[in-house]
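We number each residue from 1, following the sequence as shown. In listed order, ligands and their atoms are each counted from 1.
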Amino acid sequence: MIGCSILYHLTKLGWTDVVLLERDELTSGSTWHAAAGIHGLHDHNNISRLQYYTMQLYEDLERETGQGCGIFQPGSLYLAQTRDREHQLRMQAAKAKYFQVEFHELGRDEAERLHPLADFDGIRCIMYEPDGGNVDPSGVTHAYAKGARQRGAEIRRFTPVTATVPRADGSWDVETAQGSIRAGVVVNAAGLWAREVAAMAGIELPLMPLEHQYLVTETIPEIEALGRRLPLIADRDGEYYMRQEGLGLLVGAYERDGRYWAEDGTPMDFGHELLDEDLERIEENLLRAFARVPVLEKAGVKRVINGPMIWSPDSSALLGPVPELKNYYCCCGIIPGFSQSGGLGLTLAQWIVDGEPEKDLFPWDLARFGAWANRAFTRARTLDQYAHRFKIHFPYEERGAGRPLNTRPVYEKQKSMGAVFGLSYGYEHPLWYAPKGVEPVETYGFERQNWFEPVAAECRALREAVGIIDVSNFAKYRVHGAGAHDYLERLVANRVPAETGRSCLTPMIGLRGGIAGDFTITRLGDEDYLMIGSGIAERYHRRYFDRVGRRESVSFDSLTEAWAGFNVAGPRARETLAQLTDADLSRSGFGFMRNRRISVAGIDAVALRVSFSGDLGWEIYVPVSRQLELYDALLDAGRAWHARPVGSRALLSLRVEKGYGSWSREYSPEYWPQEVGLDRLIKLDKPEFLGREAYLAIKDRPPREKLVVARVDTDDADANGGEPVFLTDGTPVGRVSSGAYGHSVGASLALCFVRADHAVAGTELDVAILGLPHRAVILEKPPFDAAGERLRA
Ligand SMILES: Cc1cc2nc3c(=O)[nH]c(=O)nc-3n(C[C@H](O)[C@H](O)[C@H](O)COP(=O)(O)OP(=O)(O)OC[C@H]3O[C@@H](n4cnc5c(N)ncnc54)[C@H](O)[C@@H]3O)c2cc1C
């Protein structure tokens, strides 16, 4: 199905010299035996948008092609059995208001009228999505196929791809038993066989198939008597799904005790086959479904489907060009394929044709996983994802499966100091530190959790004296050799420092003129630069780095693994660091945005006078082998000022107080520089840099939205990102990108994208925290040290 959708969307964007090669008959992967339920809302706003696009597309496809898609939209009833689920559903209802789609609360009477066979006892809250339903897997696939053919595409069935061989010019020879095809672009949409097809190009995808079962009952007389279609039941606390199929019911389950399938590789000859049923494994889930809809107890089972589906470590798609290959794209690992097929096809087609998708889809981008997502990790995570498919994933949740994966030398020391860790691009990274006597384990929920007070203490320590933040998870690149300066000038939009000892902040502009990255570039010496960027985007950024030609003399090396770093920050940072170095750290001797190679505690280090916390501070980078030594020395040197380790949750609060944006939250190619305030760093007098022409094309356009800082009136839960934002009359005007309690300013804060005509200081808004309106006001300036005096002290 997904391959056909991509083909269809490519033709829609005007590409007709396209062919889909299918090993067998169309639909012969996971597609043919899917339950094919569809829904619109997702935790991530852009994915919701694309799911709505998909649901709408099926009707258009039917009209366009005459091929039925078997669309049933009797609506879906979402049930909450717990307080947290109620919060989640209320949040979804608020988002629906933002997207201006229907998803609203129903009283029990109304729910019983819609689904007279369900028992709603024990349900705290019921939401109704009128567009929920299901489609026919084969109909949808053939509709995409027909639409694509009508627009000029070709489909060759029974034509398995046996090899993909890259050519020097970036094109590919795609081998089949019927001959070879020279392709400018290759897309791997091989579903259950995505791993095997990827291996043909020499790459490994973090994917693992698991078995999944549902059953279909015989006709149920009560349904037959009803004479209309029942809505779906999404009782996620019960960990099953249920919809009408024919005149019976279909019940599927994600059991805790999941089973891998074909771990070592999907057999090439696996066709329209099913796996042995094992209803015992899903018995508990089924019993919960039977209790909800008691007619199921008497219904005969017509068939049981046990089919494989292939999962990524976070259940999201692996989408986009493979950074290490030329002209090779993937669209694999798709779980809710019927809700997402159109959006995925459109996005990938845009990516191929225009070089970049229109929307920020980092959560779908395959580059979010690096080589660190190895087989053991993938195995552990996919099973965890499967088993917890319907679990509420709370803000800031860190899953334990497959960890610890990689650790740096300070790991044990941090652990001994109470660190609670999260996974940061494959490495254990401290989130916060539990005080003595408190177990270093975090709780999860939509409201403030057990880390609120410890994080407050970390923020206070830094703002009042000094804190030491592990920033080893930042991406670090060294660019050096004759031509390094010229290369960087052509890569980024700001002027690259020409004087040793200077650093600059700079955006990198994407192919549509948006923000593809933000970096600190430091000139260490003649043709020798250190570039610091977002750690989670290292593989993502490689696509852009490789778009700009480099002379052979320029080497571009990642130091992310080889180097470690600490940010020493706070009003006592200078005194702390001075204990360990002879270097002149005075304001005149080591000013803001300056850098120097200095010796810290006898270790050769690169020191940058920058600080993401917004306070006086230095980032100190050393080889990772010296990390522990440096850490001990810094903590020791700051003892007089009670220096303490500060984790990334505190850093979030500190940066939000300063209004600083962060990659994939405030910065993405979707946002224009003038919308996020980075246009001031773009030097158009430079004749050439990546994205310059694209930026020129949008530069004078008025911003669609603007990034603002708002103070939010709340006392039990803070915004954390994704919450919709309304005017006080209920008009949707934006959404939160990052949120946190600002401990130094004593206020709950949110960075929000707000429609430009309303992004005015003093404007009152309602931010939907826990799905309920919380009054907020747009601030004129970031609440902490807007003038930057602390930073420049
Ligand atoms: C039991 C079950 C229930 C499900 N229920 C739902 C649901 O309710 N809602 C929902 O949205 N999703 C559901 N899904 C998931 C859904 O089936 C998938 O998201 C979707 O089918 C993925 O489609 P695909 O095209 O990516 O992969 P696939 O269907 O696996 O297609 C891959 C295609 O690639 C072809 N191929 C492989 N190797 C080669 C090669 N070397 N050369 C040429 N062709 C090749 C295969 O033959 C196949 O046709 C369910 C899945 C299962 C197993």
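- Contacts between Asn134 and ligand 1 below 4.0 angstrom, taking non-hydrogen atoms only, are absent altogether.
- Distances between N or O atoms of Ile335 and those of ligand 1 include at least one value under 3.5 Å.
- Of all the atoms in ligand 1, the ones that sit under 4.0 Å from a non-hydrogen atom of Pro308 are 53 (C).
- Nearest approach of His104 to Pro130, heavy atoms of both residues: CE1-CG, 4.3 Å.
- Each of the following atoms of ligand 1 lies closer than 4.0 Å to a heavy atom of Ser339: 11 (O).
- Under the 6.0 Å distance and 45° angle rule, Arg735 does not count as a cation-pi partner of Tyr98.
- With atom 37 (C) of ligand 1 as the reference point, the heavy atom nearest to it among Trp193, Trp261, Trp32, Phe270 is part of Trp193.
- In summary, the atoms of ligand 1 found under 4.0 Å from a heavy atom of Ala189, numbered by their order in the structure, are 32 (C), 34 (O).
- Scored by the side-chain hydrogen bond (donor to acceptor under 3.5 Å, both in side chains) test, Ser138 finds His142 as partners (sequence neighbours excluded).
- For atom 49 (O) of ligand 1, the nearest non-hydrogen atom of the protein is Glu22 OE1, 2.6 Å.
- In terms of N/O distances under 3.5 Å, ligand 1 is approached by Ala35.
- Proximity to Gly337 (heavy-atom distance under 4.0 Å) selects the following atoms of ligand 1: 10 (C), 11 (O), 12 (N), 19 (O).
- The Met268 neighbourhood of ligand 1 comprises atoms 41 (N), with distances under 4.0 Å to a heavy atom of that residue.
- Counting only non-hydrogen atoms, the option in Val161, Leu344, Asn188, Leu26 that gets closest to atom 42 (N) of ligand 1 is Val161.
- Within the 4.0 Å heavy-atom criterion, the part of Ala36 lying near ligand 1 is the backbone and not the side chain.
- In this structure a side-chain-to-backbone donor-acceptor pair under 3.5 Å is present from Thr54 to Gly343.
- Under a 4.0 Å criterion applied to the non-hydrogen atoms of Pro160, ligand 1 contributes the atoms 42 (N), 43 (C).
- Regarding atom 31 (O) of ligand 1, its nearest protein heavy-atom neighbour is Gly29 CA, 4.1 Å.
- In terms of polar-atom proximity, defined here as any N/O pair under 3.5 Å, Ile305 makes no such contact with ligand 1.
- Of the possible polar contacts, none joining the Arg167 side chain to the Asp173 backbone as a donor-acceptor pair under 3.5 Å is found.
- When Val251, Leu250, Asp235 are each tested for a side-chain contact (heavy atoms from CB on, under 4.5 Å) with Tyr241, only one passes: Leu250.
- Ranking protein heavy atoms by distance to atom 18 (C) of ligand 1, first place goes to Ile334 O, 3.6 Å.
- Where the criterion is an N or O separation shorter than 3.5 Å, residue side chain and backbone included, Gly307 fails it with respect to ligand 1.
- Where the criterion is an N or O separation shorter than 3.5 Å, residue side chain and backbone included, Thr27 fails it with respect to ligand 1.
- Near Gly37, the atoms of ligand 1 lying under 4.0 angstrom from a non-hydrogen atom of the residue are 7 (C), 8 (O), 9 (N), 10 (C), 11 (O).
- Considering backbone and side-chain atoms alike, Thr31 places an N or O below 3.5 Å from some N or O of ligand 1.
- Any N or O atom pair closer than 3.5 Å counts here, and Tyr241 shares no such pair with ligand 1.
- Counting heavy atoms under 4.0 Å from ligand 1, residue Tyr214 touches it through the side chain alone.
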List the steps and the verdict of side-chain hydrogen bond (donor to acceptor under 3.5 Å, both in side chains) for Ser28 and Glu22. CA-CA 9 Å; Ser28 59; Glu22 166 54 55; 3.3 Å; yes
Please lay out, stage by stage, how Arg539 and Glu324 fare under the test salt bridge (charged side-chain N to carboxylate O under 4.0 Å, His left out). CA-CA 9 Å; Arg539 196 165 168 229; Glu324 297 76 21; 2.9 Å; yes
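- Close approach to Leu21 involves these atoms of ligand 1, each under 4.0 Å from a residue heavy atom: 43 (C), 44 (N).
- Taken from NE2 in His115 to CG in Leu232, the straight-line distance is 8.5 Å, to the nearest 0.5 Å.
- Between the side chain of Ser312 and the backbone N or O of Ser316, at least one donor-acceptor pair lies under 3.5 Å.
- We find the CH2-NE2 distance between Trp351 and His9 to be 15.5 Å, quoted to the nearest 0.5 Å.
- Looking at Glu196, His272, His212, Gln213 and measuring to atom 1 (C) of ligand 1, the nearest heavy atom belongs to His212.
- Partner Arg303 forms a salt bridge (charged side-chain N to carboxylate O under 4.0 Å, His left out) with one of Glu245, Glu218, Glu277 and no other, that one being Glu245.
- Among all non-hydrogen protein atoms, the one lying nearest atom 50 (C) of ligand 1 is Ala34 CB, 3.6 Å.
- Remark: among candidates Met1, Arg23, Met200, His33, the nearest residue to atom 44 (N) of ligand 1 is Arg23, based on non-hydrogen atoms.
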Carefully, step by step, assess Lys95 and Phe103 under the rule side chain to side chain contact (heavy atoms under 4.5 Å, CB included). CA-CA 9 Å; Lys95 285 189 179 179; Phe103 186 95; over 6 Å; no
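- Checked against a 3.5 angstrom limit, the closest N/O atoms of Ile2 and ligand 1 fall inside it.
- Salt-bridge check for Arg375 with Glu204: failed, with every basic side-chain N at 4.0 Å or more from each acidic carboxylate O.
- Judged by distance alone, the side chain of Asn285 and the main-chain N or O of Glu239 form a donor-acceptor pair under 3.5 Å.
- The protein heavy-atom contact nearest to atom 30 (O) of ligand 1 is Ser30 N, 3.0 Å.
- The residue from Arg151, Lys146, Arg149 that alone fulfils the salt bridge (charged side-chain N to carboxylate O under 4.0 Å, His left out) condition with Glu64 is Arg151.
- Screening Gln81, Glu86, Arg85 for a side-chain contact (heavy atoms from CB on, under 4.5 Å) with Ile123, the sole residue that qualifies is Gln81.
- The closest donor-acceptor contact from the side chain of Arg195 to the backbone of Glu263 lies under 3.5 Å.
- For atom 27 (O) of ligand 1, the nearest protein heavy atom (residue, atom name, distance) is Gly191 CA, 3.3 Å.
- In terms of protein heavy atoms, atom 34 (O) of ligand 1 is closest to Ala190 CA, 3.5 Å.
- Looking at Phe338 against ligand 1, both its backbone and its side chain come within 4.0 Å, counting heavy atoms.
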